[in-house]
Amino acid sequence: MSETTYTSDEMMTIAAARMVRNGAALFVGIGLPSAAANLALRTHAPDTILIYESGTIGAKPTVLPLSIGDGELSETADSVVSVPEMFAYWLQGGRIDLGFLGAAQIDRYANINTTVIGDYHKPKVRLPGAGGAPEIAASCKEVLITLRQNNRAFVDTLDFVTSAGFLTGGDSREQLRFPGKGPTAVITDLGILTPDPVTKELTLTSIHPGVEVEAVRKATGWPLKVADTLDVTAPPTAHELSVLRDLQERTARAHAGQA
Amino acid sequence: MSETTYTSDEMMTIAAARMVRNGAALFVGIGLPSAAANLALRTHAPDTILIYESGTIGAKPTVLPLSIGDGELSETADSVVSVPEMFAYWLQGGRIDLGFLGAAQIDRYANINTTVIGDYHKPKVRLPGAGGAPEIAASCKEVLITLRQNNRAFVDTLDFVTSAGFLTGGDSREQLRFPGKGPTAVITDLGILTPDPVTKELTLTSIHPGVEVEAVRKATGWPLKVADTLDVTAPPTAHELSVLRDLQERTARAHAGQA
Amino acid sequence: MASIVQLNEAVRDLVRDGDVVALEGFTHLIPFAAGHEIIRQQRRNLTLVRMTPDVIYDQLIGAGCASRLVFSWGGNPGVGSLHRLRDAVEKAWPAPLAIEEHAHAGMAAAYAAGASGLPFGLLRGYLGSDLPKVNPNVRFIECPFTGERLAAVPAVRPDVAVVHAQKADRRGNVLMWGLVGVQKEAVLAAKRSIVTVEEIVDDLGAPPNAVVLPTWVVNAVCHVPGGAFPSYAQGYYARNNAFYKQWDEVSRDRDSFTAWIDRHVKGTSDFAGFRRSIEEAAGHV
Amino acid sequence: MASIVQLNEAVRDLVRDGDVVALEGFTHLIPFAAGHEIIRQQRRNLTLVRMTPDVIYDQLIGAGCASRLVFSWGGNPGVGSLHRLRDAVEKAWPAPLAIEEHAHAGMAAAYAAGASGLPFGLLRGYLGSDLPKVNPNVRFIECPFTGERLAAVPAVRPDVAVVHAQKADRRGNVLMWGLVGVQKEAVLAAKRSIVTVEEIVDDLGAPPNAVVLPTWVVNAVCHVPGGAFPSYAQGYYARNNAFYKQWDEVSRDRDSFTAWIDRHVKGTSDFAGFRRSIEEAAGHV
């Protein structure tokens, strides 16, 4: 195979897409998760059921939606339901295999913050807030998180816990009887972190090609655990890259076309 | 106007129909209430909104439905909703002006029994049960009850309270904070009973033409209160009778036609 | 993903003795064919759940399939009593039948709670009714904001839900329309589900916001045209009111009931056979 | 029965200073025209309720109509922050804005509870989240059957709900399709309601089980073609993504925001005027 160049964002999206099991019912957040989910649908996981909180079940968009409720999502869905039904019967009902979330901040136990930077009552930066994330994180059988890794995002202590990962680690999640088992991987532009089976602390288990472990440590706001045998993520294949770029080009064209 | 003959059942249905205010949202039980409601719709109350618990809002049947979910109800409705939505958003949501119930037994406070004759655990006669009635009786702004009057139906003590009227009378209904104000009339084949404003005991306030008060007393299993000034129900008009008979003939033809 | 299979296979594989089974359909789309197959395969000790146990439950109860009934209105709609249900409750024939009795509002909330992954359904209900005195599964809680007293009923969580619908596509996505009762809730509340359909088509052609059960929440889809007879399937056939009226006669007596079930249900191998058998009998009258 | 009236009359008669107002529409069918009319009529001290306060709430907040916001996600979808919302929360401009913050699941349950006449919504929610620490309106109750701990949120009960739909008929029955969000719940939970529509037709032609608001649960129906712009109305026009992107620039700065609102909203007499004003401005750039 010929050498291919790609960006770290492309590597992140492709690595995240690969985590999607074909046929899974997938509750998708907008942005990076949506790009990864749509890539998965167009590569190894054509039977993935894309579910957006706006009410679309089995959406098959041809371009990446800009919002969580673009018209194409509902026009291509197998079923469109009200938002209360989506949250009650589908998410809370335990029907979703995999939740796919982004985050502004994450800590070592994969708890995430999308609410506020600084004090809640005197915010430095007011973020959009919870949306569907707390219950996606709680109720999906499994959760994936994808975000860019740097030490403003990967912090020692969250300013606000919007959505729970493993709380304080160990069995603290199980003790609260969450319906789902929580995050199984955090996919970044530098590598893949997975929770330690016992302590639940996020551990670097795969590093993207060309990235140094030291760079990942520096991008992490806590002393990062690194697996004894560290995998190197397989680089994007030419096929993966071409599908992703094609999707992004079509998306850019489609969204520019409306004014 | 020429003399017209009619049956006591016709008088009952017509008297019940007259109680329907035009434009009311009306939650209709099957049988006598449905006949009265459909008659109202075809005489003085063409804008009545017929609501059946099967999920039809604004049904406009051309014949009387045999079941609470005949196909014609949903084909002619303005909206068809699921049964959970019907009970939650429409009935419990306080959207219904008038509930229209039948009963197997009724007591002096307009509590009704549609569950069992005899002991609940060793029934003499097992009746169909509650259906929508307890919450229709509780949540509609106002309730009408229609049934034939005799001392097996009009009893001193109910074998089972399926749906509450005024409980033990006085302010006992208000104390339980029912959303709706309860039964405003009981329409029978002999007359019309309405609750005393203070004690809430059913009082004969109108008697159908040709019926003796003594006959109504004998048909009632408790010492019946009779209003000081007793109205005589206006007899059926020729128009009312012809509309009712036409409806019943069409109904008989339509239901016989399927085998 | 749903498998598209024969109804007898679906019942064999998915309905077990002792199961909690909900056959739903509110007057419309009642899964008679599936009920008959449960009788043919002689399932026992079922807990039958249904808002409106009508003729199909009368048949299942009379045939000895059930030991418990959870319901809110049991009658032959527009006709009168269910004689087999009454005989089981009043005289324990052919076997004792325990009952858990609700109001419709409670059952609807219980199904919605089951579909929603909640342990109980919440309602303003049972006010002033004697039902809570005879049903320990009606309880009351306080609103944590207003202090109001509200009713609570346990979620319905069937082992198997069985419904009938108009259409499925070849992947097993199901479309129903008209009166949809609590069918969607029953399927989503259940561990397993069987859907019989009038037609299997290439493309559902579902209108926007239609009631669709995606294939991945259904276990088995079975093509059984007419499978809701004598109830109806909007767009396909009308309710057979005459059958409901005749049932009053057939079911009034234990012997005539047993002869009917033996001849028309147990004596036939599938629903098409049942329909032929019924037609032959009508022809000889 | 709904009255079919002009939007400015509906807002004049039905929206009052200090009201709890829910303008709903989940990405789709957002009632921009009605929001603008509230700005033109200078309503004050509104409690604004909405799952996803986006550009229309940014405009209402920046224009000084609101003193309180109940919400679960506040952003410019696909673009970024809402600068006017942030300025109000972070710097109290143009006025302090109190917030009551939920998760979507809580808001959805709260609207459904409001529509259902229940004092609170019940959910398996807020588990492990800090939201209950900053929102005293998230409480916990015990299941009376299993002892499980569940979240409770007070019902949303707006004084006025405002939604946009595709069609109404001449009697005021309303039909919407596609993403329907919590619009039906908002209208049924509210004391009063305004529905703007793309078209008024003789016959809705609603498919079976469509999302219909019968005329007798709506107060005012207003014919405002394009009234969801820059969001979209399925079957009529697409989302104007460029507007959402441009809003980021317009709203970043207090002066440019104020100039925009003065020129395009307060400086026009209705939504058609707003659209012309926007197009003229685009033509001169």
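Residue numbers begin at 1 in each chain, while the letters A, B, ... track the order of the sequences.
Looking at Arg177(A), both its backbone and its side chain come within 4.5 Å of chain D, counting heavy atoms on both sides. Using a 4.5 Å cut-off between heavy atoms, Ala103(D) contacts chain A through both its backbone and its side chain. Both the backbone and the side chain of Glu148(D) have a heavy atom closer than 4.5 Å to some heavy atom of chain A. Only the side chain of Leu167(A) comes within contact range of chain D, with heavy atoms under 4.5 Å apart. When heavy atoms are compared at a cutoff of 4.5 Å, Tyr111(D) does not approach chain A at all. Interface residue Phe71(D): only side-chain heavy atoms are found under 4.5 Å from chain A. Proximity to chain A (any heavy atom under 4.5 Å) is restricted, for Ile99(D), to the side chain, taken from C-beta onward.
When atom types are taken as modelled, the side chain of Glu90(D) and the backbone of Lys122(A) share no donor-acceptor pair closer than 3.5 angstrom. Judged purely by atom type and a 3.5 angstrom limit, Tyr126(D) has no side-chain atom pairing as donor or acceptor with the backbone of Pro134(A).
The closest side-chain heavy-atom distance from Pro179(A) to Leu127(D) is below 4.5 Å. For the pair Val182(D)/Pro84(A), a side-chain contact is recorded, criterion being any heavy-atom separation below 4.5 Å from C-beta on. Residues Gln234(D) and Ser74(A) have side chains in contact (heavy-atom distance under 4.5 Å, counting atoms from C-beta outward). Contact annotation: the side chain of Arg126(A) never approaches that of Leu82(D) to less than 4.5 Å [non-hydrogen atoms, C-beta and beyond]. Inter-residue side-chain proximity for Glu24(D) and Val83(A) is flagged as unmet; no heavy-atom pair is nearer than 4.5 Å.
Ranked by heavy-atom pairs under 4.5 Å with chain A, the first of Ala105(D), Pro230(D), Gly75(D), Ala109(D) is Ala105(D). Counting heavy-atom pairs closer than 4.5 Å to chain A, the top-ranked of the candidates Arg124(D), Arg149(D), Lys245(D), Met51(D) is Arg124(D). Looking only at heavy-atom pairs under 4.5 Å with chain A, the residue among Val180(D), Val134(D), Leu85(D) that has the most is Val134(D). Note: Gly131(A) leads Gly69(A), Gly131(A), Ala164(A) in heavy-atom pairs under 4.5 Å with chain D. Ranking Gly129(A), Pro65(A), Ala88(A), Gly71(A) against chain D, the residue ahead of the rest is Gly71(A), based on heavy-atom pairs under 4.5 Å.
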Does the side-chain contact (heavy atoms from CB on, under 4.5 Å) test come out yes or no for Val80(A) and Trp177(D), once each step is laid out? CA-CA 9 Å; Val80(A) 178; Trp177(D) 66 86; over 6 Å; no
Could you give me the CA-CA distance, side-chain angles and deciding distance for His28(D) and Asp70(A), then say whether side-chain contact (heavy atoms from CB on, under 4.5 Å) is met? CA-CA 7 Å; His28(D) 180 217; Asp70(A) 278 18; over 6 Å; no
Steps toward side-chain contact (heavy atoms from CB on, under 4.5 Å) verdict (Val161(A), Lys133(D)): CA-CA 10 Å; Val161(A) 178; Lys133(D) 295 182 190 168; over 6 Å; no
Decide side-chain contact (heavy atoms from CB on, under 4.5 Å) for Met107(D) and Phe87(A); before the verdict, give the C-alpha distance in whole Å, the side-chain angles of both, and the deciding distance to 0.1 Å. CA-CA 10 Å; Met107(D) 287 286 285; Phe87(A) 280 94; over 6 Å; no
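Shown here is Arg152(A), whose CZ atom has no more than 12 heavy atoms of other residues, nucleotides or ligands within 6.0 Å. For CZ of Arg68(D), the number of neighbouring non-hydrogen atoms (other residues, nucleotides, ligands) closer than 6.0 Å is greater than 12.
Judged purely by distance below 3.5 Å, without hydrogens or angles, the side chains of Glu101(D) and Tyr120(A) pair a donor atom with an acceptor atom. If you check the side chains of Glu135(A) and His104(D), you find no donor sitting under 3.5 Å from an acceptor.
When all heavy atoms of Val89(D) and Pro123(A) are compared, the closest pair comes out as CG1-CG, 4.2 Å. The shortest non-hydrogen separation linking Leu131(D) to Ala130(A) is CD1-CB, 3.8 Å. Pairing each heavy atom of Pro77(D) with each of Ser67(A), the nearest pair is CB-CB, 3.8 Å. For Thr162(A) against Ser129(D), the heavy-atom pair with the smallest separation is O-OG, 2.8 Å.
Here the OG1 atom belonging to Thr27(D) is positioned 9.0 Å from the CG atom belonging to Leu73(A), to the nearest 0.5 angstrom. A distance of 10.0 Å separates OG1 in Thr114(A) from CH2 in Trp73(D), rounded to the nearest 0.5 Å.
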